[in-house]
Each structure stands twice: as structure tokens, then as C-alpha cells.
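Beneath this line is the structure, given in C-alpha cells, with notes to follow.
Scope of the values below: all heavy atoms of this structure, side chains included, with no hydrogens, waters or symmetry mates. Residue numbers start from 1 in every chain, and the chains themselves are labelled A, B, ... in the order their sequence lines are given, proteins ahead of strands.
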There are 2 protein chains.
Amino acid sequence: MNLEEVARRAKVSTATVSRVLNNAAPVKGTTRARVMRAVEELKYRPNLHARSLAEGKSRSIGVIVSNIENPFFLDIYKAVETGAHSEGYEVLMANTDYRAEQLVTSIRLMIGRRVAGLAAIVSEMDPKLIDELNGYEIPVVFYDVGVPRQNITSIRVNYRRGMEKLTHYLYSLGHRRMGFVGHHATLGPIHERANVVLESVSRYPDLEVQTEADVDSLEGGRRAARALLSADPSLTAIVCVNDLMAVGAMREIRERGLRIPQDISVTGFDNIKLAQFCYPALTTVHIPRDQIGQNICEVLIPNDKTRPEHEMLIDPELVLRDSTGPALR
Amino acid sequence: MNLEEVARRAKVSTATVSRVLNNAAPVKGTTRARVMRAVEELKYRPNLHARSLAEGKSRSIGVIVSNIENPFFLDIYKAVETGAHSEGYEVLMANTDYRAEQLVTSIRLMIGRRVAGLAAIVSEMDPKLIDELNGYEIPVVFYDVGVPRQNITSIRVNYRRGMEKLTHYLYSLGHRRMGFVGHHATLGPIHERANVVLESVSRYPDLEVQTEADVDSLEGGRRAARALLSADPSLTAIVCVNDLMAVGAMREIRERGLRIPQDISVTGFDNIKLAQFCYPALTTVHIPRDQIGQNICEVLIPNDKTRPEHEMLIDPELVLRDSTGPALR
DNA sequence: TTGAAAGCGGTACCAG
DNA sequence: CTGGTACCGCTTTCAA
């Protein structure tokens, strides 16, 4: 079933059917009705590939994330979807699981689908990535990585500031032996979140920091905490790179019979919903995923009303809850 | 940049370029190399829409879920993705947020994209839905809803059995005043999960059950538990339609100063990862998302090796953890 | 207001 | 092994 069959049945040309379906031009009421009826009867569904091909573009944008199982990424995706739908766009999602190779593959897939715009919410900074994106004409948004260019917008969170707020807060509570739980993508020497924690060691001479990394998941957080506590049971605080891993870490801590925050404090990062629902509720840093998603849509979807920034920096806020307290040991 | 430009640059025909790119036919080594170089230099990326159009199909399958924020659905999606990728397929995801209207829209979108197969992991059973799917030629899998037909496979979980195990277990622990937390899609009189709980009232004459429903989320679970406990503070057990809502319910219970399971027992359903990481760890019923995802792939992706069933029924297992205990009040 | 026809960017068949 | 070319299904001038 294609346009032609519908046209034949409605006794009009394919051009007219197309016009009706896209109400792109004035069509007489009676013919329009005939066409609609034919469409109904035939259960005709336009071939979107053909449409995109003819139009030279697809009314969809691509979103690539590092780990869709982490609610942080999912929230951004959902926010983008909301914005996109309200503009009549669809969103195509791809997940890299932090693999640089998969990121390249995903970018090619999106380009191959001729998305109108592309958002890469990923940590896997890779030279290949730059090469790959360089020279495509579509608008691109990078989150937290890369530098702005002509067609590339960069949205960044000031992780440094966020982490500083956290470590400073813990230090002021008397914590002197801390652990840092990261995931593999935060191992790189350029990663802000891990860095800040490590650098604070030099700022506070009496502070000691251990580091451990595992995969970005509940289990990963748990294993990392286990490694940390096995190596040094005297830790009084564990700083986690994100909320998801923090929840995993808390599980391990409870398992060891330690109380949070009396025996040990835990912090997350992102302020996902789960941070309010876990026990104890997690002290964290808020990253406004809704706003980020909205910004992405403004940049990627052509819109006369808004003139998007070329770069934006978010200063995240500390959220104090029940997982942190004074160092008592 | 299209095939023709590449062809011109490599001084061959578009047919040859196509052959090289799909290594679909023998091509001399030197010409192949020339083509590859041209592709590189031009950074040529094939237009997937054109390809799908020419081939008459797309190497991708569609997955529609009710609520991607619920890890249950996400897990199935991920499992499908894994299976699909290993067969060289992409997967397109759509989320309905339990809206029947959105489901119809999503189905049309998938059909419009000419997916090779479609999986609907949704609870929104609707007459429109049947009409919509009836007559498309592609293979379709329904989860938990609808009846098998020629091209429609049905995967079902025996919720009844699962819920019976749960209520029986709670009853045997002495619970006589229970609450049921559902989400809006489980309100319908045909829904197995809610039904079993309600029906058990008649099987156990001394059992009382209250029902409450809210949206399928952590907050929804919390609000529903709040309503339940406000109406009847003497409840000794709260049975939740799924783990996500159970975690929300537990939050509310803690907030009221009640202990789990000493003061009140809580059960979930699905056995998502979070059920092991929340506090206390959740007693639940395991639904094998990996297996379901794998089955979906077997049904939707043409494969000579496996001959998929037309219908499958899963008998889910009880998972005892720390959120349930004897009724002490 | 409508129809005819030229693409859009590939694939695949048919010759050579 | 390679080139020419007829589609695939839809949009969009250009004419009528």
C-alpha cells in the first residue's frame, strides 16, 4: 500500500494525496474527504523513509547517552523527548555503555538517519569523536565534553564547583579520611569530578583520599565501596561520582554493619529521584536535567522565537539530606 | 554527499560503490580500495532512508513500552537491544506513558518506519490497538496482553500465580489487614495483579484488603501508601503492583516512623535490581526480563536456527528478602 | 484546485 | 568484474 494505490482509489493524483496528508496546499473539501476515506479504508501508513528521502531531512533528532540505565541520562532523554514532541519531532536514542567505539558507531547511525540535530550526552571523550563530528552540517550539542565550534554547542556543568561544595562540606564536618567512588570513564586524568576530590588533598594537608572505580551501576558502586572499605576500614566518608553508585555504596556499608551517617557519610551527585527515596536520603548535588533537555531542544530544533546560546555553564547546587553527618570516629 | 559523488571520485559506477559498501558481490581488490579511499576522503555516510526504501525494509525492530522510567521496562528494552545488535539489527524505542492514544501513535510511527518486527510491552489494552495491528504483515509480540494470532505472538507472565504466592505467604505470616498499591493501568477490572489480591479476600474470609492507585513511579507508590495508611493505620502489609512503587511506599512508611517489616511488611513485583539495593531489601516475585527480551528477538528477527513458540507463559518465582515478616500487631 | 513528472539516494537486475 | 538503469514511495515544482 502506497500513495499510488490511495490515489487510484480516491481517483486523484498522488500529488493531491500528498497534499491532503500534509495539508500543505489548498484542496477542495470533497476531494479531501474522498482521499481521507481511501486512506482509512486501505489503512494506509506513509513510508517515513520515502518521506525523509524526498524531504532531504527527517523530523527527528538523535540523543546518544553513555548509560541509559543511569536515571541521570534517562531523565535528560525524557526531557529532550518532551521538548521534541511539542515541536513535532521524534527522538532517536542510542546508548554507548561508555564505549568509545560504540559512540562512533552511534554517531554514524544518527547521521545515516539524517537526524535534524544530534545531542551527545557522553563522557567518552575521544579524538575519533571530534573527527567524526567535524564537518557534518547539522547542529550538535555536547554535554560536558568538547569545545564549542560553529555548529557545536557545549553544555557544561561546573562539576568542579559542585564537588568542591561537597568536599568542603565534608571537611567542615570533620572528615579527614575519605574515599572516592568513580566509574571507569572518570578514571582519566582529565576528569573533573575525580580531580577535584584528589586535588582537595593538597588544599587540606591533613586530608587523605583513596580512590576506587567500577562500572556505573548499583553493583559497581557497591563493589567499589567494598574495595575501599577493605583497604581502609577507618574511612569516615565516601564521595561518589553519582547518585546511582552512591546507592550501591550505601548497600555495602549497611551490609558491613556500619551506620550512615553516624559511622560513615556518603554523598552522591546528580540528584536523581532515587536520591530522595533511598535510605538514608542522599546528600548530593543537583543537576537540572529538565533544563538541560530543554536547552538541547532549543539548540537542535529550528525555532524563530528562541536564540540559543552557543555555550552554557551550569553551577550546580548542594542538596543536604540524611546521608552525611559529623565525623565521629 | 551521495553515492554518485563517491562513484565519480573513485571513477566507478554507483553500482560498484554499492557493492563495495555492502560487500554484496565480488569486486576487484584495486577498485575496492579506490572506492574505500573515496569514501574516507569524502566522509561519506550512506543515507539509511534511501537504503531502507530501496530494500523495502529496515534492519530494525521496534519496542514500545508503557513507562521507560520503570526499570522493568528498561531491562526488557536492553535485553532486546542486546539480542538485536547481535543479529545486526537496530532497535527503535517508543514510550507511551500508559496512554492508549500514544500507543496508537507509536504503533503508526513504527509501521511508518517499516520496522521488521514490533514488540509492544504495554498494559494499555484497547480495542483500537487490535484494529491497528490487525492486518500488518510484520511479526508482532505482545507482552502480557492480547491473544495470539497468525502473526502475533503472545508472551505472558502468570501474574495470578505470582501474586497468589505472595498473598499466601503473607497470609501464612499472619497478615489479615492488607493494602494493595496499584497504578492507574491496573485499575481496570480485568487486571490480574489487582484481581488476585482482591479475590483472595473471598478465599480467606478473615482477610481485609484496601486498594489504592497512583501513577507508576516512586512518588506514585509513596502517595498511594500514604492514602492507604491514612485511611487505615492498622494495616500490617502492603502489597505493591511492582518494585518501583514498593520502594516509594517504603519511603512513606519510614517517614511515618514505622519499621519494615516489624510494623508493616511490604512486597514488590518484578525483581528489578533496585529491589536488592533498597532498604530493607524487597521481597518480590522474579520476572525474567532477559529471557523475555531474548524471546522477543527470536520471534521478531528471522533466524533459521530457532523456531520460536507462538505463545509462552512464564511462571514467576517468589524471592524472599527482608521487607516481609510475621504480623506482630 | 489538480495532475504530470522530476528528483531524493540507494539497490539490484541485466548486459557486456 | 563492472556499468547502465529501472525502480522504491514520497514531495515538490511547473503547467494547466
Side-chain angles (χ1 to χ4, degrees), chain A residues 1-36 38-39 42-60 88 108-116 136-138, chain B residues 1-36 38-39 42-60 88 108-116 136-138:
Chain A
M1 29 121 185
N2 54 14
L3 260 200
E4 199 172 328
E5 290 183 44
V6 177
R8 203 177 315 145
R9 174 146 194 148
K11 302 203 186 311
V12 295
S13 72
T14 62
T16 299
V17 179
S18 177
R19 290 185 189 110
V20 170
L21 261 34
N22 303 290
N23 43 13
V27 175
K28 207 205 302 180
T30 69
T31 38
R32 148 171 263 106
R34 272 216 317 290
V35 170
M36 292 306 266
V39 166
L42 265 32
K43 282 176 63 91
Y44 167 71
R45 305 288 171 245
N47 183 321
L48 265 21
H49 299 298
R51 179 175 288 177
S52 298
L53 182 57
E55 286 180 334
K57 57 191 167 192
S58 73
R59 282 185 72 83
S60 59
R108 296 215 176 140
L109 179 63
M110 294 298 182
I111 298 298
R113 297 209 231 255
R114 298 297 188 267
V115 292
Y136 294 132
E137 295 150 346
I138 61 167
Chain B
M1 29 117 187
N2 55 12
L3 259 199
E4 199 171 328
E5 290 182 44
V6 177
R8 203 177 314 146
R9 175 146 194 150
K11 301 201 187 311
V12 296
S13 72
T14 62
T16 299
V17 179
S18 177
R19 289 184 190 110
V20 171
L21 260 35
N22 302 289
N23 40 15
V27 174
K28 208 205 303 182
T30 69
T31 37
R32 147 170 264 106
R34 270 215 318 288
V35 169
M36 292 305 266
V39 167
L42 265 33
K43 284 178 60 96
Y44 166 72
R45 305 286 172 248
N47 183 321
L48 265 21
H49 298 298
R51 180 175 288 177
S52 297
L53 182 58
E55 285 180 335
K57 58 191 165 191
S58 72
R59 283 186 71 83
S60 58
R108 295 212 176 143
L109 179 63
M110 294 298 183
I111 297 298
R113 285 174 171 158
R114 297 298 186 266
V115 292
Y136 294 133
E137 293 150 348
I138 61 167

Exam field: side chain [X] to backbone [Y], donor-acceptor pair closer than 3.5 Å:
X       : Y      : value
R114(A) : S58(A) : no
N47(A)  : H49(A) : yes
S52(A)  : L48(A) : yes

Discussion item. Quick test of your reading: applying salt bridge (charged side-chain N to carboxylate O under 4.0 Å, His left out), list the pairs with at least one residue in residues 45-54 of chain A, sequence neighbours left out, ordered by first then second residue.
Written reply: R45(A)-E132(B)
Please report, rounded to the nearest Å, how far the [atom2] atom of [N] is from the [atom1] atom of [X].
X       : N       : atom1 : atom2 : value
L42(B)  : dG9(C)  : CG    : P     : 13 Å
L3(A)   : dA5(C)  : CG    : P     : 17 Å
R113(A) : dG9(C)  : CZ    : P     : 18 Å
H49(A)  : dG7(C)  : NE2   : C1'   : 19 Å
Y44(B)  : dG9(C)  : OH    : C1'   : 7 Å
N47(A)  : dG10(C) : CG    : P     : 16 Å
E5(B)   : dG10(C) : CD    : C1'   : 14 Å

Worksheet entry | Contact summary for A25(B) and R19(B), nearest pair of heavy atoms | CB-CD, 3.8 Å
Discussion item. I'd like the 5' and 3' limits of the part of DNA chain D contacted by chain B, with heavy-atom contacts below 4.0 Å.
Written reply: dC1(D) to dG9(D)
Practice prompt. Have a look at V12(B) and say if it touches a base, only the backbone sugar-phosphate, or nothing, with a 4.0 Å heavy-atom cut-off.
Written response: sugar-phosphate
Fill in: Sugar-phosphate only, base, or nothing, as touched by T16(B) at under 4.0 Å among non-hydrogen atoms
sugar-phosphate
Worksheet, complete the sentence: Of the candidates dA4(C), dA12(C), dC8(C), the side chain of R19(A) sits closest to dA4(C)
Worksheet item: Does OP1 or OP2 of dT2(C) have a side-chain N or O of S13(A) closer than 4.0 Å?
Response: no
Worksheet item: Would you say N22(B) reaches dT11(C)'s phosphate, i.e. side-chain N/O to OP1/OP2 under 4.0 Å?
Response: yes
Discussion item. Working to the nearest 0.5 angstrom, can you tell me the gap between Y44(B) OH and L3(B) CG?
Written reply: 3.5 Å
Worksheet item: Distance from R8(B) atom CZ to T14(B) atom OG1, nearest 0.5 Å?
Response: 11.0 Å
Discussion item. Is there a side-chain contact between V6(A) and M1(A) in this structure, where contact means two heavy atoms from C-beta onward sitting under 4.5 Å apart?
Written reply: no
Worksheet item: Does I111(A) reach the side chain of I138(A), with side-chain heavy atoms less than 4.5 Å apart?
Response: yes
Worksheet item: Of all of residues 23-32 of chain A, which get a heavy atom below 4.0 angstrom from DNA chain C, listed by number?
Response: P26(A), V27(A), K28(A), T31(A)
Discussion item. If you assign L53(A) and T14(B) each to the DNA chain D nucleotide with the nearest heavy atom, which residue ends up on the more 5' nucleotide?
Written reply: T14(B)
